[in-house]
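Here the structure is a predicted model, which is why all the values come from computation and not from measurement.
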Amino acid sequence: MSIAYTKLYHPLRVPLAAEMHSRPSLRLRAPETLTHLAIYARSDAHLGGDNLLTQQVILEDFCRHFGVASPAGQGKYFFHDFGRFRLQWECHTEFATYTFVANPVAPAEQHAPESVPGQMFADVPLKHLPQQWLFELQGKVMVAAHVALLPSQDNSLPALPSRQIFEGDVLVGSEVLQRGEIWTDFLIQADGFSRFVVRDKGFLEQQAGRIIQRLLEIETYRMMALLGLPHAQRASPILNSIESELVTLTEAMTMASSGNGHGSMANADAEQSLLRQIIDLAARIEKLALENSYRFAASKAYFKLVQSRTDEMREARIEGVPTIQEFMDRRLAPAMNTCEAIVRRQASLAERIAHTNDLLRTRVGIVQEQQNRKILQSMNARAAQQLRLQQAVEGLSVVAISYYMAGLVQYAGKGLKAMGVPLNPDLMTGLLLPVIAGLVWWGLRKLHQGMH
């Protein structure tokens, strides 16, 4: 019966339903430490590269070291307990994240130095990872972070964390969900990792895992969002150059339109040259927009995810310390506004170039119409001259034909006179000459009328 019912289901029903549960948060209980890596393999997935395949190869190399089977097919989520640590792997459009969680050690194995603030990040899952695998990630790690989840009764963290833990001058912290605290400085420390401290002050089931997941997503997405900033910085001088050239071309158009030439060949050549330069500007701005469009759109999407994750944390202020939301508004938002400004500037400049191009094409079209009108006028004048010449030739033709016809008549009269007919050939020719000329003129006119 169940087999029959499965035929009713859409083929995508099961995978779509599974997608809603494919990225669960980790189950964490203080005290625990985490190491988080975001691998940006630069497979150019937006240009047709297979980012999933690239990331699966990296994960396969890691699992092979421990003799564990990696996910096959199109799997984008992987979780496994390797004994000393647990791994949660997620593959996204452009990157993949590795979140390593150190398994709790037996009480006999715990060390007292961990209670010292500066030593709470000494025992992190990173030390269990293969060094060769880490070496092969050179140039691919976009985010590297350590997280310490501490119980509320742990006295190793003072009320206001000191520089023994964080090296930055600006400390960021807040109460979250009214059941915990988060501390960080969003700075890459001397060991190459950023640090986050989460104090569990009564988290409910899975709340600690969800909070840390959102915290790591904020760190990852903000770094991915900032990838658009170098593109904006490189695009700015290019846009300045294009804008300056457009101003120069517009001034040249204005000077050409106020010149003394009225559709002369020199002005037409100058405007054609201006048109070619404007087309070149349009091609350059289009190329720039195509190169940056994906990166800027991705940065905008990542920034929205950062804002969404900070809203979900429901932060409450700790007196004298900025919250994560405030830090992002002051440090990340200006960079994203720069990218948005470049996007708007590209679109505005492209629109202005297109408008200038239309204006110049209109001017060139008007000049061409004036030149065509002059050509037509010249052709009409030549046609009129040819008509007058033709009429003059027709008059001469009537005279010439009449002369030859009169000569034929005269020869005919002489022949008749020689046959004994009493007539005067010269008199007969003179009398018939007007008739002959009239008939010749009428005949030529009818011929021309028939041709037209």
Taking the six-membered ring for Trp, are [X] and [Y] closer than 6.0 Å centroid to centroid?
X	Y	result
Tyr40	Phe95	no
Phe78	Tyr98	no
Phe100	Trp89	no

If you measure from [atom1] on [X] to [atom2] on [Y], what distance do you get to the nearest 0.5 Å?
X	Y	atom1	atom2	result
His231	Ile342	NE2	CD1	12.5 Å
His80	Phe66	NE2	CZ	9.5 Å
Glu90	Phe79	CD	CZ	11.5 Å
Leu87	Cys63	CG	SG	7.0 Å

[X]: partners by salt bridge (Lys or Arg N to Asp or Glu O under 4.0 Å), with sequence neighbours left out:
X	answer
Arg27	Glu205
Glu60	Arg64
Lys127	Asp123

Please list, chain by chain and in numerical order, all residues satisfying ring-ring contact (aromatic ring centres under 6.0 Å, His included) with Phe196, sequence neighbours excluded.
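In terms of ring-ring contact (aromatic ring centres under 6.0 Å, His included), with neighbours along the sequence ignored, Phe196 is linked to Phe186.
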Between [Y] and [X], does any NZ, NE, NH1 or NH2 come within less than 4.0 Å of an OD or OE carboxylate oxygen?
X	Y	result
Glu181	Lys201	yes
Arg314	Glu175	no
Glu219	Arg222	yes

What heavy-atom pair brings [X] and [Y] nearest, and what distance separates the two atoms?
X	Y	answer
Ser174	Glu315	OG-OE2, 2.7 Å
Phe203	Gly180	CZ-CA, 3.6 Å
Leu171	Val321	O-CG1, 3.3 Å

Any heavy-atom pair between the side chains of [Y] and [X] that's under 4.5 Å?
X	Y	answer
Arg284	Leu288	no
His146	Leu126	yes
Trp183	Val172	no
Trp133	His65	no

Among residues at least two apart in sequence or on other chains, which ones pass side-chain hydrogen bond (donor to acceptor under 3.5 Å, both in side chains) with Glu217?
Arg309
Return yes when atom CD of Glu136 has more than 12 non-hydrogen atoms of other residues, nucleotides or ligands closer than 6.0 Å, and no otherwise.
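Correct, the count exceeds 12.
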More than 12 heavy atoms from other groups under 6.0 Å of CG on Leu227:
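Enclosed.
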Test log, rule side-chain contact (heavy atoms from CB on, under 4.5 Å), inputs Ile165 and Asp185:
CA-CA 10 Å; Ile165 303 174; Asp185 59 355; over 6 Å; no
Less than 3.5 Å apart, any donor N or O on the side chain of [X] or [Y] sitting next to an acceptor on the other?
X	Y	answer
Ser378	Arg382	yes
Thr310	Gln325	yes
Gln346	Asn292	yes

In short, salt bridge (Lys or Arg N to Asp or Glu O under 4.0 Å) pairs touching residues 332-347 with sequence neighbours left out are Glu243-Arg345
